[in-house]
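Every chain is numbered from 1, with letters handed out A, B, ... down the list of sequences.
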Amino acid sequence: MFPRPRGIVPSGIGSQRIVLQRMTAGGALDGAEQEVDEPQLAAAVAALERQHPRWVWDDTSRWYPRLLAVHVRVERCVDLRLSHAILRNSSLTAGSALAASPACSWDRGALERLERPAEHTLFDFDEELADGAGEDTLAEFASQRAAVAGADDPARIGLLLAAESAGALVAAEMMYAGLPWREDIHNEILESHLGRRPAPGQRPELLDATLQRLREKLEAPTLNPDSPSELLKALAVAGLMVTSTRSWELKKLIHPAIEPLLEYKKLSRLLTANGWHWLDANVRDGRFHPEYVPGGVVTGRWASTGGGGALQLPKQIRGAVVADAGWKFVVADASQLEPRILAALSGDRGMVEAGSAGDLYAGIVASGAVETRDQAKVAMLGAMYGATSGESGRLMPKLTKAYPKAIALVEEAARAGERGEVVTTRLGRSSPLPGAAWRASQSEAYGENATEVDASRARGQARGWGRFTRNFVVQGSAAEWALCWMANLRRVLHEQATGSWITDSPHLVFFMHDEVVVHSPADRVDAVEAAIRTAGDEAGRLLFGASPATFPLSVAIVDDYGQAK
DNA sequence: GACGGCTCCAAA
DNA sequence: AACTTTTGGAGCCGTC
């Protein structure tokens, strides 16, 4: 999949000039080039796009939002910054010149992006990039091509780079389109829980009433429950001995103050995380425009930034996400994605079989491995996260006996992490190495002056890193499945589009790890659902070929996001 | 007053 | 219900 013929490289040669250079299928410049002023760039891109090139650029988040703003869509790209991060770390390209080269500006991409001012003109380059930026881009692309060509499995890492780059396009397009958001309904939700919007600095009426009730029951007239230490002291005075103020700890206590305390925490959370201030800051003209950060998590999951908290959107306020008149949301999530990924990764036929009927956990019960669905669920979570204690830990032997290959895969990943080694996902994203402090404490634990405390601490840290690598292979491979799913879906939606612009036809508006939301005209939802399912099937084939593993989707067609699930 | 560490909670 | 993974963000609180 990578690279395809005719890449086109936009790069800046000054503050306002951009060079577009054409490449052959082999990645060589063929001499065709254009130099355009910044205002003409979008038109030039749009004209070239008719030849269906793959754009090769340093950073999708730098170029694409401004193209989208003037209604220019591109079909495909290579995001050199994201690709570099993968190739730098991947065990598949460990022998490449790229991996051996010293850290450079391509490694600092994420940091630079955060430091870049929010407002600047499209081609107003940083000084270091203004000079020779084109050569740098071309050299980096050549270096990446060489790394892929020399990889242990070029098709595998190539697919990952293509999916990662397609994800960057999706992220920019979703940020552009925005998630439909009804401020009035959000306000109604807030008013029903908190009361009317108060003057700045004031507590909403219902939150204040709850606080007064709490203070009364605790006989603490000036208590600020937002201060954990103050709250702990007040609870102790009331005879409630707890070591933390987490809600689930407090729920175990029996005291008249607990009910208002839990209520206060819930209301306070709603107000501070998704209250009126959030609405003011994040919703404009009926759309929430979260900024996604592809590759923002070490495992390859996306992160989000900018205060919206898009990937932690609480279920409580999803009712404010309402489709436009005459439109619907098609909400799809991949059921039990991570355990199914583990089954496919390990080729554990028993676990694949357990998932074939639709509910993996029910299938595990049916196989006789455990007795209840809850046990199956908690045991699987424990296997993927590395639980050692509690019910989950106790169930592990049963799970190991029933699904030896699946459990062996996560156990081996954990052991590798404990030894300080890297682990690698299905398509080739590798975990980082543990830091210097970790290595130091490991080696010190076996030194002459090491105490039992040192050794114990080192073992604890080793196990902690093992839990990380254990989870990395599953979470990271699941993220790859999701990237392929979205890339396929984006392509199919575009092929089926009848409108002239992204937002005139069914389009992606939200993504959350294993779930997508498509905003669609009501009369197109059946085709959209079919496209989502086709894209999911194809993602399974891309990652696991002819494996019998299935990744069923649950799809809901709704008017508001709160109705889904 | 800025900053970093800590606690808590939302999501997958 | 958590345990056990990855995150972002708000508020508190001690330090500079």
Side-chain angles (χ1 to χ4, degrees), chain A residues 110 114 223-232 242-253 261-262 264-275 277-278 281-282 290-318 333-339 341-342 374-375 377-396 410 413-414 417 423 425 429 431-432 460 463-479 481-482 510-516 561 565:
Chain A
L114 291 177
L223 172 72
N224 173 14
D226 295 329
S227 163
S229 66
E230 216 181 296
L231 182 55
L232 274 181
V242 278
T243 52
S244 88
T245 62
R246 292 183 185 93
S247 288
W248 65 266
E249 293 267 15
L250 299 172
K251 275 177 195 155
K252 295 189 288 199
L253 303 175
L261 175 53
L262 293 173
Y264 178 88
K265 279 176 162 281
K266 211 174 112 194
L267 295 180
S268 172
R269 170 74 190 179
L270 175 62
L271 176 67
T272 55
N274 297 101
H277 183 255
W278 182 94
N282 290 288
E291 182 175 355
Y292 297 98
V293 186
V297 179
V298 277
T299 57
R301 275 188 173 179
W302 288 10
S304 71
T305 187
L311 297 177
Q312 294 98 262
L313 198 71
K315 294 196 160 88
Q316 207 178 7
I317 56 162
R318 292 186 189 177
D333 76 279
S335 320
Q336 305 155 341
L337 178 60
E338 293 197 352
I341 289 288
L342 173 56
D374 277 352
Q375 283 184 345
K377 191 173 177 177
V378 80
M380 281 306 304
L381 287 174
M384 293 183 298
Y385 291 151
T388 54
S389 62
E391 186 182 11
S392 182
R394 284 194 295 279
L395 290 166
M396 287 306 297
V410 284
V423 295
T425 60
R429 194 186 309 260
S431 62
R463 279 195 294 270
W465 196 259
R467 282 194 298 276
F468 165 59
T469 52
R470 170 197 292 267
N471 187 251
F472 185 96
V473 291
V474 178
Q475 189 183 116
S477 299
W481 182 92
F510 197 59
F511 169 65
M512 193 157 44
H513 306 309
D514 62 359
E515 179 171 348
V516 296
Y561 193 16
K565 271 213 288 195

Looking at residues at least two apart in the chain, or sitting in another chain, which of them share a side-chain contact (heavy atoms from CB on, under 4.5 Å) with [X]?
| X | value |
| --- | --- |
| Asp374(A) | Thr372(A) |
| Thr425(A) | Arg429(A), Phe472(A), Ser477(A), Glu480(A) |
| Ala273(A) | Arg269(A) |

Shortest non-hydrogen contact from Ser247(A) toward Leu262(A):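 Heavy atoms only, the tightest pair is O-CD2, 3.8 Å.
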Which part of the nucleic acid does [X] contact within heavy-atom distance under 4.0 Å: base, sugar-phosphate only, or nothing?
| X | answer |
| --- | --- |
| Arg246(A) | sugar-phosphate |
| Arg318(A) | sugar-phosphate |
| Lys252(A) | nothing |
| Thr245(A) | sugar-phosphate |

Could you state the atom-to-atom distance from [atom1] of [X] to [atom2] of [N] in whole Å?
| X | N | atom1 | atom2 | value |
| --- | --- | --- | --- | --- |
| Lys377(A) | dC3(C) | NZ | P | 15 Å |
| Phe472(A) | dT4(C) | CZ | C1' | 18 Å |
| Leu250(A) | dC8(B) | CG | C1' | 11 Å |
| Leu311(A) | dA10(B) | CG | C1' | 11 Å |
| Trp248(A) | dA2(C) | CH2 | P | 8 Å |
| Leu270(A) | dA11(B) | CG | P | 12 Å |
| Leu313(A) | dC9(B) | CG | P | 19 Å |
| Trp465(A) | dT5(C) | CH2 | C1' | 12 Å |

Where at least one partner belongs to residues 292-315 of chain A, residue pairs that pass salt bridge (Lys or Arg N to Asp or Glu O under 4.0 Å), sequence neighbours excluded: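 Qualifying pairs, neighbours excluded: Arg301(A)-Glu338(A).
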Atom pairs and distances, donor-acceptor, side-chain atoms in residues 377-396 of chain A, under 3.5 Å, two or more places apart:
| unit_1 | atom_1 | unit_2 | atom_2 | d |
| --- | --- | --- | --- | --- |
| Ser392(A) | OG | Val378(A) | O | 3.0 |

Test salt bridge (Lys or Arg N to Asp or Glu O under 4.0 Å) applied to Glu249(A) - qualifying residues, sequence neighbours left out: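 Counting only residues at least two positions away or on another chain, Glu249(A) forms a salt bridge (Lys or Arg N to Asp or Glu O under 4.0 Å) with Lys252(A).
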Partners passing salt bridge (Lys or Arg N to Asp or Glu O under 4.0 Å) against Glu515(A) (at least two apart in sequence or in another chain):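 Not a single residue meets the salt bridge (Lys or Arg N to Asp or Glu O under 4.0 Å) criterion with Glu515(A).
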Closest-nucleotide 5' rank along DNA chain C - winner of Lys251(A) and Leu381(A):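 Going by which nucleotide is closer to the 5' end, it is Lys251(A).
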Distance test, side-chain N/O of Arg467(A) to OP1/OP2 of dT5(C), below 4.0 Å: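 Yes, within the criterion.
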Short side-chain N/O contact from Lys315(A) to OP1 or OP2 of dA12(B), under 4.0 Å: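 Lys315(A) to dA12(B) OP1/OP2: side-chain N or O found under 4.0 Å.
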Of the listed nucleotides dA12(B), dA10(B), dT5(C), the one nearest the side chain of Pro314(A):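 Nearest nucleotide to the side chain: dA10(B).
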Under 4.0 Å protein heavy-atom contact, by nucleotide of nucleotides 7-16 of chain C - B base, S sugar-phosphate only: SBBSSSS---
Under 3.5 Å: donor-acceptor pair, side chain of Trp278(A), backbone of Gly308(A):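 A pair under 3.5 Å: yes.
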Donor-acceptor contact present, side-chain Lys265(A) to main-chain Thr245(A), <3.5 Å: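 Side chain of Lys265(A) to backbone of Thr245(A), a donor-acceptor pair under 3.5 Å: yes, one is there.
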Angle by which the axis turns from one end of the helix from dG1(B)-dC16(C) to dA12(B)-dT5(C) to the other, five pairs per end, to 10 degrees: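 Between the first-five-pair axis and the last-five-pair axis there is 0°.
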